[in-house]
Each structure stands twice: as C-alpha cells, then as structure tokens.
Amino acid sequence: MKDYDAIIVGSGVGGGVVARRLSEKGARVLMLERGDFVPRETDNWSVDAVFFRKKYKAKDTWFDKRGKPFDPGMYYNVGGSTKFYGGAMFRLRERDFEAIEHRRGVSPAWPYRYGDLAPYYDQAERIFRVHGDDRFDRTSPRGAAPFPYAAVRSEPAVEKMAESFRSQGLSPSSLPLAVNSGAAGSCILCNTCDGFSCKIAQKNDAETCGVEPALKTGRVDLMTRAFARHLLLTPDGKRISRIEIEHAGERKQLSAPLFVVSCNAVNSAALLLRSADSAAVAGVANRSGVVGRHYMVHNQTALMALSHRINGTVFQKTLAINDWYFGDEAFRWPMGQMQMLGKLQGGMLTANVPYLPRALGDRMARHGMDWIGLSEDLPDPDNRVTIVDGQIKLSVTLNNLDGHRELVRRMKKALQGAGYPIVVTKSLVKHATGHQCGTVRMGDDPGSSALDPYCRAWDQRNLFVVDASFFPSSAAVNPALTIAAQALRAADHILATDLA
Ligand SMILES: Cc1cc2nc3c(=O)[nH]c(=O)nc-3n(C[C@H](O)[C@H](O)[C@H](O)COP(=O)(O)OP(=O)(O)OC[C@H]3O[C@@H](n4cnc5c(N)ncnc54)[C@H](O)[C@@H]3O)c2cc1C
Ligand code: SF4
C-alpha cells in the first residue's frame, strides 16, 4: 500500500470536496467508496428505470423505531446523493447560525457565525458553478456580490406565477442552481434533473466537482466497492490507527495518519458506533454520548397546484419564496422555505402513490405546478441512529410541525390566489432521508458535541467527520452547499495543522 497522508471514507459532497482541496494542495489521498460510478446511459433519464425499477437506489434495509424494516432511499455511488440531487445550492441564512426560538423549542446556535463560513460559501459556489440572483430574496446573506453565473431564467408559466405572487405582496426569487446552463456548459435544461443523474454530466455534483478534479491531480486513488466496517483505535483510544474494509470479498486493514469520514449522517454515525471497543466503549468520538443522536431531516411537504391550463414548463426548478422563513407578525416563529420542484411526470406520481391510476397521474402532472415546503426540525436526542444486531435502526418522532403547517397553509393560499384552485399536498416525512443531518454534531463543548468547530473529533484528534452529520441545527434550506463550504473550511484547517 502507498504512503497516504489521509484516508477519506465516502465520495459525496463532504468527501469529494475534501479530497479535491487536499490533493490540489499536494496531499496524497486514498478515497474509499462503498458504491461504484453511476454509468452514463439512456436509463439515467428514464422515469421507469429511476422511479419504478429504482435502478440506482441503494439496496439497503434499515429499521424504524418500531423495528419495522424500510428502504431508506439512499444512493451508494461515486458522488453520493448529489448525482441525483436537484442542484439547489442555498446558503444558510445569517440568523440560522444563532439560537432561534421556534414555536416548539429552540434551534441551537452553531459554534461560529455566518461570517466565518462566508468565504468558504464563496469558494463552494465557484466550485459547484452556482447560477443565481438573490436580489429579491430578503433573507439572503450574500450581500451585493454576484453569483458565479447568471440565474437560470424561469419559463413563462413559472414567471407568470411569480408575477402573481408579487401582486400578492410576496417576493419570489430565483433559485440558486448547480447546473451548467448558458455560458457554463451544455446543460439542456431538461425535465429529468431533480431526482435523476445527468446523462451528459452537466449537473455540478460531488463527482464532477470534487472527485474528478481530485483524481486529475494524480495524487488520489479511489477504491470503489470498498465498504468501511470499523475504525480501529490505538490502545489508549486516542487516535485512529487503521480502518477495516470489505473489498472484493475480503476484509482488509488500511492505515494513514489522518482519517476523514463522510458517509452521510446515518452511515457515519453507524460507522462510529460500530467501531466501539474497550478503549471507546460507546463508540468512536462518542465520550459525550451524542453520536447517532439529534438526527434531523427537515419537515417536508410537496404541493401540486392544479388548474385547467396545461403546464408546458420543461425545466421548472427556478423559483423560491423565503418571505415566511423567520416568521412575521401573524406567526412570529420560523416557518421555512418554499421552492419549486423539478417538473413531476405522471410516472413519478404513480410510483410514489401506488393507488393513483397512471392515466390520472399523467393528467395531474400535465396540469400541475410543483413545489416543496422545507421547515426546520429540532435536534431531539431521542431521534437517533443505533446499531441493533449489526443493523441500522433509525428512530424518529417528528417535531416542530406548527411552523411547517402554517407554511403549507400560506403557500396553498398563494397558489390559489395565482389561479390554481386545487392544491394537492403530500407530506414527505415518512422515512425521508434526503436531508439527513445532525448525528455527529459539532460544538464548543466536548461534553455535548462530538466534533470541534473544524469537524475534528474531540476524542480522536486524527479523525474528521465532514458530511451533514456535523450540523448542530438543520435550518430550512437544502444542505449541500453548507456541507461543501464546511468541508473546505475543515480541509484548510487540516492543511494548516496536520499536513502543514
Ligand atoms: C433526490 C434528492 C434530491 C436532493 N436535492 C438536493 C438539492 O437540490 N440541494 C441540496 O442541497 N441537497 C439536496 N439533496 C440532499 C443532498 O444530496 C445531501 O445532503 C448531500 O448529498 C449529502 O452529502 P454527503 O457527502 O453528506 O453524503 P452522501 O452524498 O450520501 O455521500 C456519502 C457517500 O459515502 C458512501 N458511504 C456510505 N457509507 C459508507 C461506508 N461504510 N464505506 C464506504 N463508503 C460509504 C456512500 O456510498 C456515498 O457515496 C437531495 C437528496 C436527494 C436524495
Ligand atoms: S437539466 Fe441540465 S444538468 Fe440537469 S439533467 Fe438536464 S442536462 Fe443535466
């Protein structure tokens, strides 16, 4: 085995971005990824392959709090979930970094402020070639600085809806997107982006923006189909000495001076918990007992607004509404964000609502405008990942739903006011795992957090965890840009300390 400076586990946003930054600065890195590359093929854009046959979803089974098995809807491949994400790249709002009172509790402060992450948000937006324009977003923390690329323009039906919202006193704004449209590349703004992988590699994801540039440095080796089973400790429990993996039917142990774990919030917590031994009885990085706890995933509802008109929009994910994000005089607690979904197609509806006849699903999709509401859920220590008989158990009780219900109620009214008399809603909370975070939280206090503010484990100082598990709170915007920004911050810290 080569002499690596670091072993990175997981090739999603966190792992991909750290690999790129470390290798571009001269470090030698081994990446371990349990999945393989997503092939570029016709099925990438097939509703049947993606939604009915679930061709690209991980074959994994987790258990809920009652011990019932479920399919967690994960993606185990190079680039992780971002191969299938919607490319919405929002920054958290400035106040999201502070403690905020909600209707049903308090969202805790982060161990640093927005200004500490802002330069890394700038870099992350450049790396993921984000297109945007948030002049009309009153909650945006970006200030006057332009995005790296101009916003993707809304198509006529969406623009008409935006006009109607404006006449209702709302301030819809363009949705920041990581697709190579316009000057950035050859994205064709198709209707199979959100939930699909890009057949022509024009979505800016963790593979194209993290792993590929990292491999190009010649200093990174990527081992696919390599499942990380355990982290092994030195006898005093103070450092990680090796990692045990399963690869090509064999168990192997690999070592390096530094380990960066980025398997996503549930799988990273599971790896740390599985690695318990006599020197760390509750699991690696877990003297505080928080590992696996405080799981969050956003309260989410999809809304389909229907009218007699046919919605001919192809690329629909271009609009967001943040007016209700932090509340107002009528409801003084945070409600969250509304954003458009990629254009739903009939097959996508019937795949998710089994009793819906296909013809009706097709008809609804032709007439529908599709939105999603995201609201903050609070970090409850009892919402947690545990390992039971070697399997992942994810126990979740929903919380803080009042603000979310108010958000959905207001959005329904706004859509009706925009000429869509019927608004169908579907709560997405049951077993949703897309925005998972919080299970290996960072903080200032080793007694109540697993990671320091640079994502370094308090207990084993040669271990970093850089996926969304570090989030102390979930805020109410999509997580990927924040994961990327903090991964860059952690990587620069590694370069300035361990690899100086
Ligand atoms: C359909 C969908 C749409 C989304 N849309 C958006 C969006 O528009 N905007 C946004 O910001 N976010 C979106 N998200 C969420 C976003 O994709 C995730 O928050 C983000 O990708 C998480 O990145 P990560 O690096 O933490 O984890 P992941 O992307 O899950 O990467 C973890 C990687 O680790 C690997 N791994 C796991 N366990 C092991 C192990 N034991 N050994 C080796 N490898 C392992 C996995 O295979 C995976 O490749 C979406 C998610 C989904 C599912
Ligand atoms: S919209 Fe662009 S980036 Fe998205 S799948 Fe289509 S071509 Fe690819």
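In this text, all values refer to a predicted model and were calculated from it rather than measured experimentally. Atoms within a ligand are numbered from 1 in the order they appear, just like the ligands themselves. Computed over heavy atoms, backbone and side chain alike; hydrogens, waters and symmetry mates excluded.
- Under a 4.0 Å criterion applied to the non-hydrogen atoms of Ile188, ligand 2 contributes the atoms 2 (Fe), 7 (S).
- Between Phe84 and ligand 1, not a single N/O pair is under 3.5 Å apart.
- Of the protein's non-hydrogen atoms, Glu33 OE1, 3.4 Å is the one closest to atom 35 (C) of ligand 1.
- The ligand atoms of ligand 1 that sit less than 4.0 angstrom from a heavy atom of Ala468 are 26 (O).
- Side chain to side chain, Trp324 and Asn322 fail the donor-acceptor criterion of an N or O pair below 3.5 Å.
- Not a single N, O or S atom of Cys190, from either the backbone or the side chain, sits less than 2.8 Å from atom 8 (Fe) of ligand 2.
- The protein heavy-atom contact nearest to atom 42 (N) of ligand 1 is Ala228 N, 2.9 Å.
- Residue Ser262 approaches ligand 1 through these ligand atoms, each under 4.0 Å from one of its heavy atoms: 25 (O), 32 (C), 33 (C), 34 (O).
- Closest to atom 36 (N) of ligand 1, if we only count protein heavy atoms, is Arg34 CD, 3.6 Å.
- Contact atoms of ligand 1 toward Gly12: 25 (O), 29 (O), 31 (O), 33 (C) (distance under 4.0 Å to a heavy atom of the residue).
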Inset, instruction - Apply the test salt bridge (charged side-chain N to carboxylate O under 4.0 Å, His left out) to residues Asp48 and Lys54: give CA-CA distance (whole Å), side-chain angles for both, the deciding distance (0.1 Å), then the verdict. - result: CA-CA 8 Å; Asp48 179 58; Lys54 302 188 192 316; over 6 Å; no
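- Considering backbone and side-chain atoms together, Gly86 places an N or O closer than 3.5 Å to an N or O of ligand 1.
- Annotation: Ser81 places an N or O atom under 3.5 Å from an N or O atom of ligand 1; distance criterion only.
- Leu463 places a side-chain heavy atom less than 4.5 Å from the side chain of Leu272.
- Atom 4 (Fe) of ligand 2 has Cys193 among its coordinating residues (N/O/S atom, backbone or side chain, under 2.8 Å).
- For the ligand labelled ligand 2, residue Trp45 lies inside the 4.0 Å heavy-atom shell.
- Counting heavy atoms under 4.0 Å from ligand 1, residue Ala265 does not touch it at all.
- Among protein heavy atoms, the minimum distance from atom 18 (C) of ligand 1 is reached at Gly434 O, 3.8 Å.
- Asn478 and Gln339 are linked by a side-chain donor-acceptor pair at a separation below 3.5 angstrom, with hydrogens and angles left out of the test.
- Short contacts between ligand 2 and Lys203, defined as distances under 4.0 Å to a heavy atom of the residue, involve ligand atoms 3 (S).
- Here the protein heavy atom with the shortest distance to atom 8 (Fe) of ligand 2 is Cys198 SG, 2.3 Å.
- How far OG1 of Thr217 is from CZ of Arg20: 10.5 Å, rounded to the nearest 0.5 Å.
- Taking a 4.0 Å cut-off on heavy atoms, Ala226 registers as neighbouring ligand 1.
- No side-chain N or O of Ser154 forms a donor-acceptor pair with one of Glu159 less than 3.5 Å apart.
- Given atom 2 (Fe) of ligand 2, the protein heavy atom at minimum distance is Cys187 SG, 2.4 Å.
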Inset, instruction - Could you give me the CA-CA distance, side-chain angles and deciding distance for Leu271 and Arg229, then say whether side chain to side chain contact (heavy atoms under 4.5 Å, CB included) is met? - result: CA-CA 7 Å; Leu271 173 60; Arg229 290 192 62 83; 5.9 Å; no
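- Side-chain contact check for Asn311 and Gln316: at least one donor-acceptor pair (N or O, by modelled atom type) lies under 3.5 Å.
- The contact set between ligand 1 and Gly80, taken as ligand atoms under 4.0 Å from a residue heavy atom, comprises 29 (O), 31 (O), 48 (C), 49 (O).
- Counting heavy atoms closer than 4.0 Å to ligand 1, residue Asp467 contributes atoms from both its backbone and its side chain.
- The closest heavy-atom contact to atom 23 (O) of ligand 1, among the options Val13, Thr482, Leu341, Val266, comes from Val13.
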Legend entry - Evaluation steps, side-chain hydrogen bond (donor to acceptor under 3.5 Å, both in side chains), between Tyr454 and Asp492: CA-CA 9 Å; Tyr454 289 100; Asp492 276 2; over 6 Å; no
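- When non-hydrogen atoms are compared, ligand 2 lies under 4.0 Å from the side chain of Phe315 (C-beta onward) but not from its backbone.
- Defined by atom type and a distance below 3.5 Å, a donor-acceptor pair is present between the side-chain atoms of Asp134 and Ser140.
- For Leu189, every heavy-atom contact with ligand 2 shorter than 4.0 Å involves the backbone, none the side chain.
- Side-chain atoms of Tyr112 and Gln486 include a donor-acceptor pair closer than 3.5 Å.
- For the residue pair Ser268 / Asp467, a side-chain donor-acceptor distance below 3.5 Å is found, with atom types taken as modelled.
- In this structure, the protein non-hydrogen atom closest to atom 53 (C) of ligand 1 is Tyr75 CE1, 3.8 Å.
- Contact atoms of ligand 1 toward Gly10: 33 (C), 34 (O), 35 (C) (distance under 4.0 Å to a heavy atom of the residue).
- The closest side-chain heavy-atom distance from Val38 to Asn44 is below 4.5 Å.
- The proximity of Ile483 to ligand 1, defined as any non-hydrogen pair under 4.0 Å, is limited to the side chain.
- From the protein, the heavy atom lying nearest to atom 19 (O) of ligand 1 is Pro479 CG, 3.2 Å.
- Tyr149 and Asn180 share no donor-acceptor pair across their side chains, judged by distance under 3.5 Å alone.
- There is no side-chain donor-acceptor pair under 3.5 Å between Tyr85 and Asp205.
- Here's the thing with Tyr76: none of its N/O atoms is less than 3.5 angstrom from an N/O atom of ligand 1.
- Between Tyr56 and Phe84, the distance from one ring center to the other falls under 6.0 angstrom.
- Among protein heavy atoms, atom 6 (C) of ligand 1 sits closest to Tyr85 CB, 3.5 Å.
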Inset, instruction - Might you work through the side chain to side chain contact (heavy atoms under 4.5 Å, CB included) test for His230 and Gln253, ending with a clear yes or no? - result: CA-CA 9 Å; His230 297 112; Gln253 292 192 358; over 6 Å; no
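- In the vicinity of Val9, heavy-atom distances shorter than 4.0 Å reach the ligand 1 atoms 42 (N), 43 (C).
- Less than 6.0 angstrom separates the ring centroid of Phe51 from the ring centroid of Phe196.
- If you number the atoms of ligand 2 from 1 as listed, the ones under 4.0 Å from a heavy atom of Thr192 come out as 5 (S).
- Classified by interplanar angle (parallel below 30°, tilted 30° to 60°, perpendicular above 60°), the ring pair His435/His298 is perpendicular.
- Ring geometry, Tyr121 versus Phe97: the interplanar angle exceeds 60°, so the pair is classed perpendicular (tilted spans 30 to 60°).
- Set against the non-hydrogen atoms of His435, the atoms of ligand 1 under 4.0 Å away are 13 (C), 14 (N), 15 (C).
- Note: an N/O pair closer than 3.5 Å links Gly14 and ligand 1 by distance alone.
- For atom 27 (O) of ligand 1, the closest heavy atom belonging to the protein is Asn264 ND2, 3.2 Å.
- Interface atoms of ligand 1 facing Asn478, defined by a heavy-atom separation under 4.0 Å, are 7 (C), 8 (O), 9 (N), 10 (C), 11 (O), 12 (N).
- Geometrically, ligand 1 and Gly73 share no nitrogen or oxygen pair separated by less than 3.5 Å.
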